[in-house]
Amino acid sequence: MAQMRSKSIAVFNSNDIYPIGADSTLPFEQHRDIFYLSGADQEETILLLFPEANDEKHREILFVRETNEHIAVWEGEKLTKERATEVSGIETIYWLTDFDRVFFDLMTEADIIYFNTNEHYRQAVETQTREDRFIQKCKMQFPAHQYAKSNPILQEIRGVKEREEIDLMQIACNITEKGFRRLLGFVKPGVFEYEIEAELLHEFIRNKSKGFAYTPIIASGNNANVLHYIENNQECKAGDLILMDVAAEYANYSSDLTRTIPVSGKFNDRQKEVYEAVLRVKNEATKMLVPGTIWAEYHKECGKIMTSELLGLGLLDMADVQNENADWPAYKKYFMHGTSHHIGLNTHDYGALKTPMKANMVFTVEPGIYIPEEKFGIRLEDDVVIQEKGAPFNLMANIPIEVDEIETLMNS
Ligand code: GLY
Ligand code: MN
Ligand code: MN
């Protein structure tokens with residue numbers, strides 16, 4: 001609210017519940033902005049902020065779906081007005097049916113309306129969201145108001161995590177750790193990728209996670225070279241590696257882990273050599289995640305480190321590097337994705353990317369080397385918190401990553 005312009009209102013909508021067909025729906029996932037700002041994890045909720053409202057009680061309003069005995073019996077308990085205040089800290093709670101009337105009245109006091117458009121750098125949304133419908137309707141009804149966008153404010157504040165958020169992310173990472181350790185005693189030749197998925201889901205849910213923070217990638221052998229492989233339906237064969245990009249959510253916060261382990265419990269020499277190279281790139285990259293670093297420059301540096309490792313592995317030669325195209329450097333043949341993204345309420349979270357990094361931003365570090373010619377790929381990924389001084393704090397420091405440790409745990 002401190003960053004809003006004079007005489008302005010901001011409105012934040014919940015996500016729709018997406019229909020499958022007949023009377024089926026996907027499970028509800030709250031829009032992370034209204035969740036971040038209010039803690040309200042319920043469909044059809046609307047948050048309205050109006051710092052200069054004439055009536056002080058209209059400076060913050062939460063609109064929730066009216067609940068009653070019938071709804072309580074069929075759908076379970078929904079937020080009452082009292083509970084909505086407890087959850088959100090907002091005193092003024094109205095039923096959703098009052099929204100149009102209250103909103104119209106408040107808009108007569110305001111000049112500007114903030115819309116919550118999606119400006120995420122990777123967004124690609126084809127469906128109309130609840131926010132989109134609200135924007136359309138609002139523009140029709142209030143054509144003489146000015147429009148502003150709340151996304152830049154949310155990107156900035158959500159990008160720097162509060163202590164409470166980091167604590168929740170640590171819990172998500174600890175649950176992920178339990179899942180991964182369980183696997184080390186489970187994986188052997190002949191297991192199917194989906195059996196690994198089932199082990200993880202079991203461990204996540206029994207630890208009070210709702211499940212995977214994102215669609216899990218469990219890719220044995222050459223499947224690891226398909227970056228978004230999510231079929232998870234192949235048998236894990238002796239001698240192959242399995243790349244697992246799998247992690248738990250907790251309280252709507254994501255963790256994001258990748259580990260690559262040998263199906264038989266032991267890396268062969270070539271696998272180990274490439275693994276150690278990826279691990280060195282990860283360790284070097286992590287050291288650069290300090291206040292002041294610029295994301296794009298960081299990625300260039302990571303590319304240089306990766307280039308030297310690929311030369312060492314014999315995957316590139318000097319001519320490849322000398323003749324490389326600056327827009328698509330030679331290393332991208334084997335490492336074609338980014339090294340880091342913000343993580344938080346979204347797995348690919350909000351956060352400033354064009355200004356210097358700040359303390360308490362949380363990033364993944366996830367280099368990989370993918371070699372279809374050799375039918376394996378390796379990625380390693382941890383989540384780290386930028387500190388005021390020194391190296392970042394690794395929320396996944398306890399999750400085994402060294403070759404010896406993984407081999408020992410798999411064979412004990
Ligand atoms: N699991 C998605 C990612 O690593 O970015
Ligand atoms: Mn990942
Ligand atoms: Mn990631």
Side-chain angles (χ1 to χ4, degrees), residues 29 32 120-124 158-159 161 165-166 169-170 172-180 183 193 196-197 200-201 203-204 209-220 223-232 241-250 252-261 275 278-279 281-283 285-286 288-289 295-296 298-299 302-303 306 332 334-351 353 357 361-370 377-386 392-397 399-401:
E29 276 292 330
R32 297 318 198 220
H120 190 274
Y121 69 120
R122 295 167 75 148
Q123 70 83 29
R158 274 184 50 187
K161 271 61 178 176
E165 299 186 277
I166 293 171
M169 293 182 74
Q170 181 68 70
C173 291
N174 295 348
I175 297 172
T176 298
E177 177 186 354
K178 287 185 180 174
F180 180 67
L183 290 184
E193 292 160 350
I196 295 174
E197 182 173 338
L200 287 166
L201 190 60
E203 194 64 33
F204 292 172
S209 160
K210 281 187 290 183
F212 290 100
Y214 50 87
T215 310
I217 297 168
I218 302 173
S220 61
N223 297 333
N225 294 314
V226 179
L227 292 184
H228 292 153
Y229 174 82
I230 53 171
E231 285 75 13
N232 304 347
L241 297 181
I242 319 169
L243 182 159
M244 299 179 293
D245 189 339
V246 291
E249 76 80 53
Y250 185 75
N252 285 343
Y253 283 85
S254 289
S255 60
D256 189 359
L257 173 89
T258 309
R259 288 291 184 270
T260 307
I261 66 173
Y275 189 100
V278 175
L279 187 54
V281 176
K282 179 177 163 294
N283 291 338
T286 304
M288 294 190 279
L289 293 173
W295 192 70
Y298 159 80
H299 275 96
C302 292
M306 181 58 90
K332 290 208 183 253
Y334 296 101
F335 174 41
M336 57 299 272
H337 58 76
T339 310
S340 293
H341 55 81
H342 284 274
I343 176 165
L345 282 169
N346 292 110
T347 302
H348 296 158
D349 207 29
Y350 283 2
L353 291 174
M357 292 181 187
M361 286 182 167
V362 186
F363 282 98
T364 64
V365 195
E366 50 179 303
I369 296 179
Y370 309 93
I378 294 173
R379 174 164 70 254
L380 297 170
E381 176 174 27
D382 281 342
D383 306 338
V384 305
V385 187
I386 295 194
F393 180 81
N394 186 350
L395 296 169
M396 295 180 151
I399 306 184
I401 195 165

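Not measured: the values here are computed from a predicted model. Read the numbers this way: they start at 1 and go in the same order the structure lists the ligands and their atoms.
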*Quick check: does His341 have an N/O/S atom under 2.8 Å of the Mn ion (ligand 3)?*
yes
*Of the backbone and side-chain N, O or S atoms of Asp256, does one lie nearer to the Mn ion (ligand 3) than 2.8 Å?*
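Within the cut-off used here (under 2.8 Å), Asp256 does place an N, O or S atom near the Mn ion (ligand 3).
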_Aromatic contact between Tyr121 and His342, with the criterion being ring centroids under 6.0 Å apart: yes or no?_
no
Under a 3.5 Å distance rule, please check whether [X] uses its side chain to pair with a backbone N or O of [Y] as donor and acceptor.
{"X": "Tyr214", "Y": "Val246", "answer": "yes"}
{"X": "Glu193", "Y": "Ser220", "answer": "yes"}
{"X": "Thr260", "Y": "Arg379", "answer": "yes"}
{"X": "Arg259", "Y": "Pro400", "answer": "yes"}

*What is the name of the N/O/S atom in Glu366 that sits closest to the Mn ion (ligand 3)?*
OE2
_If I take every N, O or S atom of Glu381, is at least one of them less than 2.8 Å from the Mn ion (ligand 2)?_
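Yes - counting backbone and side chain alike, Glu381 has an N, O or S atom under 2.8 Å.
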_Measuring only between side-chain heavy atoms, which start at C-beta, is Phe180 closer than 4.5 Å to Met244?_
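A side-chain contact under 4.5 Å exists here.
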*Do Asn346 and His120 have side-chain heavy atoms sitting under 4.5 Å apart?*
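They are not in contact (no side-chain heavy atoms under 4.5 Å apart), so the answer is no.
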*Applying side chain to side chain contact (heavy atoms under 4.5 Å, CB included) between Thr364 and each of Thr258, Leu289, Ile343, report the one that passes.*
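Per the side chain to side chain contact (heavy atoms under 4.5 Å, CB included) rule, the option paired with Thr364 is Ile343, out of Thr258, Leu289, Ile343.
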*What residues come within 4.0 Å of ligand 1, counting heavy atoms only?*
Tyr214, Asp245, Asp256, His341, His348, Glu366, Glu381
